[in-house]
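First the structure, in the form of structure tokens, and then the observations on it.
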Amino acid sequence: MKVLVTGGAGYIGSHTVVELQEKGFEVVIVDNLSNSYKEVVRNIERITGKLPELEVFDLCDRNKTMDFFRRHNDIIGVIHFAAYKAVGESVKKPLKYYRNNIGSLVNILEGMKENNIRSFVFSSSCTVYGQPDHLPVAEDAPVRKAMSPYGNTKQISEEIITDTVEANPHMKGILLRYFNPIGAHESALIGELPLGVPDNLVPFITQTAIGIRDKLSVFGDDYNTPDGTAIRDYIHVVDLAKAHVISLNRMINDQDKTKPEIFNLGTGIGYSVLEAVKTFEKVAQQPLNYQVVDRRPGDVEKVWADTSLANSELGWKAERNLEEMMRSAWNWEKELANKR
């Protein structure tokens, strides 16, 4: 069975390709390589023994996208990761995020509809909850006004997918609301490798520890949290990737779903930024140079997941703890350093 993974050369996408291949799926990747490297597919092959097919183009190009679906008319499902994801950048460049994140999604759904592809897994985000009234936050919590254009693209995308699935009875969708993916594959062959200055916490931590960055900026220490820094639910990227395979199989095997299903993916545990820093220092056995700076626009104060629905309905549960996440991220960074 062939599956399209958009953004499959990226961080979460590449780990999901590995899990798909290890479960026997044939994978074709579409990626414009705007925030990833072509060499990633070779490293996927080193892990699984199978080289995924890669096509390099921009899914915002409707003609190329429709041509792709016509040529790959044996695809049975799509897992969609291809989107810009930096909260801070989205505040500064909102049109870039709306054009890319919404335009590519519409093209993909049109290609699926024309080629009778039934199953769609969407990479969504806990940002749709904004700052929830109650924690942990469950899937039935109200979707708040987005605190960033990035978050708004996720909300809009969920609405587009829901409308499309409800209008097309043959289509099914699962919306996976991620909390904070970190870590790397145990092989240290794939991991998070942002182009330029990292926007996410953990790659900035590891790059600071290895000497690429002078210091880590901790955005705000005046939040209403025990140590004043923002709290997040960190989840290992491999645990996250496995949930996508389970979700795809759920749609393949269940013909009765008429509305998209929504699942939170996290550990259900909230850690502050400083707790994450201290955990890394323990794992790496070295101090980290960090400095507290002003809050960052668009950041939520605290959020962590109620994962009971994913645990019961998908039969999925995050298995790795924060130390394991940090250790794998640090091993990945050290492996990169050996290649520089």
Side-chain angles (χ1 to χ4, degrees), residues 1-5 8 11-27 47-48 75-81 117-126 128-129 132 134-141 154 158 161-162 165 170-186 190 232-271 303-325 328:
M1 293 185 289
K2 183 190 289 186
V3 178
L4 165 62
V5 179
Y11 175 42
I12 304 171
S14 61
H15 287 81
T16 301
V17 171
V18 166
E19 297 302 318
L20 285 165
Q21 289 187 330
E22 290 185 340
K23 292 297 184 181
F25 287 95
E26 178 185 354
V27 178
I47 295 170
T48 67
I75 287 173
I76 56 92
V78 176
I79 303 179
H80 181 41
F81 295 104
I117 300 171
R118 300 177 60 89
S119 302
F120 185 75
V121 182
F122 179 60
S123 168
S124 193
S125 169
C126 66
V128 302
Y129 298 118
H134 303 287
L135 290 169
V137 61
E139 290 84 351
D140 59 359
K154 292 300 184 184
E158 287 195 2
I161 295 162
T162 299
V165 170
H170 72 284
M171 290 182 68
K172 291 179 285 189
I174 290 183
L175 314 177
L176 299 177
R177 292 175 176 168
Y178 308 166
F179 281 67
N180 287 68
I182 63 173
H185 193 268
E186 62 183 2
I190 55 174
R232 296 290 182 268
D233 184 339
Y234 298 101
I235 176 175
H236 197 291
V237 65
V238 173
D239 285 335
L240 186 69
K242 290 178 183 294
H244 292 76
V245 183
I246 294 170
S247 297
L248 182 63
N249 277 321
R250 180 178 177 86
M251 288 184 287
I252 292 171
N253 296 325
D254 189 343
Q255 306 299 315
D256 297 329
K257 301 297 180 185
T258 58
K259 291 185 178 182
E261 295 183 287
I262 299 172
F263 298 103
N264 286 339
L265 298 182
T267 63
I269 303 171
Y271 291 99
V303 64
W304 61 91
D306 179 342
T307 63
S308 56
L309 187 64
N311 299 160
S312 61
E313 287 294 311
L314 291 180
W316 169 91
K317 186 177 179 62
E319 297 176 353
R320 296 160 180 81
N321 62 33
L322 188 59
E323 284 193 16
E324 292 172 290
M325 300 179 211
S328 66

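What you see below is based on every heavy atom in this structure, not just the backbone, and it leaves out hydrogens, waters and symmetry mates. Note that the structure is predicted; figures quoted are calculated from it, not measured.
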Does a side-chain heavy-atom distance below 4.5 Å link Arg232 with Val303?
yes
Would you mind reporting whether Tyr129 and Asn264 have side-chain heavy atoms less than 4.5 Å apart?
yes
I need the His236 NE2 to Asn321 CG distance, nearest 0.5 Å.
9.5 Å
Taking all heavy atoms of Ala318 and all of Gly266, pick out the closest pair and write down the distance.
CB-O, 3.7 Å
Mark yes or no for whether Lys172, through its side chain, and Met251, through its backbone, hold a donor-acceptor pair below 3.5 Å.
yes
Keeping Asp239 on the side-chain end and Glu319 on the backbone end, is there a donor-acceptor pair under 3.5 Å?
yes
Nearest heavy-atom pair of Ala310 and Leu265: which atoms, and what distance?
CB-CD2, 4.4 Å
Whether the side chain of Tyr11 engages the backbone of Ile182 through a donor-acceptor N/O pair (distance < 3.5 Å, no angle test) should be reported.
yes
Residue Glu324 excluded, over 12 heavy atoms near CD under 6.0 Å:
yes
So CD of Glu26 and CD1 of Ile75: to nearest 0.5 Å the spacing works out to 9.0 Å
Show the numbers, then the answer: is there a side-chain contact (heavy atoms from CB on, under 4.5 Å) between Ile252 and Met1?
CA-CA 10 Å; Ile252 292 171; Met1 293 185 289; 4.3 Å; yes
Rounded to the nearest 0.5 angstrom, the SG-NZ distance for Cys126 and Lys154 is 11.0 Å
State whether Arg250 and Glu261 are salt-bridged, where the test is any N-O pair (Lys NZ or Arg NE/NH1/NH2 against Asp/Glu carboxylate O) under 4.0 Å.
yes
Going through the distances and angles, do Thr267 and Tyr234 end up as a side-chain contact (heavy atoms from CB on, under 4.5 Å)?
CA-CA 7 Å; Thr267 63; Tyr234 298 101; over 6 Å; no
Please report the interatomic distance CZ(Phe25) to CG(Leu248), rounded to the nearest 0.5 Å.
4.5 Å
Where is the tightest heavy-atom contact between Gly8 and Val17, given as atom of each residue plus distance?
O-CG2, 3.9 Å
To the nearest 0.5 Å, atom NE2 of His170 lies from atom OG of Ser119 at 10.0 Å
Given Ile47 and Glu22, is the side-chain contact (heavy atoms from CB on, under 4.5 Å) satisfied, shown in steps?
CA-CA 9 Å; Ile47 295 170; Glu22 290 185 340; 4.1 Å; yes
From Asn311 atom CG to Thr307 atom OG1, the distance as rounded to the nearest 0.5 Å
4.0 Å
Side-chain contact, heavy-atom cut-off 4.5 Å: His15 with Ile12?
no
Leu240 and Pro181 have their tightest heavy-atom pair at CD2-CG, 3.6 Å
Main-chain N/O of Ala305 paired with Asp233 side-chain donor or acceptor, under 3.5 Å
yes
Where the side chain of Ser124 meets the backbone of Arg177, is there a donor-acceptor pair that is under 3.5 Å apart?
no
Crowding at NZ, Lys2 (>12 non-hydrogen neighbours, <6.0 Å):
yes
Check whether any side-chain heavy atom of Ser247 lies under 4.5 Å from a side-chain heavy atom of Leu176, and answer yes or no.
yes
Between the main-chain N or O of His244 and the side-chain N or O of Trp316, is there a donor-acceptor pair closer than 3.5 Å?
no
In terms of the angle between their ring planes, are Phe120 and Phe122 parallel, tilted or perpendicular, with boundaries placed at 30° and 60°?
parallel
Pair Leu20, Ile79 - check side-chain contact (heavy atoms from CB on, under 4.5 Å), show working.
CA-CA 11 Å; Leu20 285 165; Ile79 303 179; 3.9 Å; yes
Can you classify the ring geometry of Tyr178 versus Phe81 as parallel (below 30°), tilted (30 to 60°) or perpendicular (above 60°)?
tilted
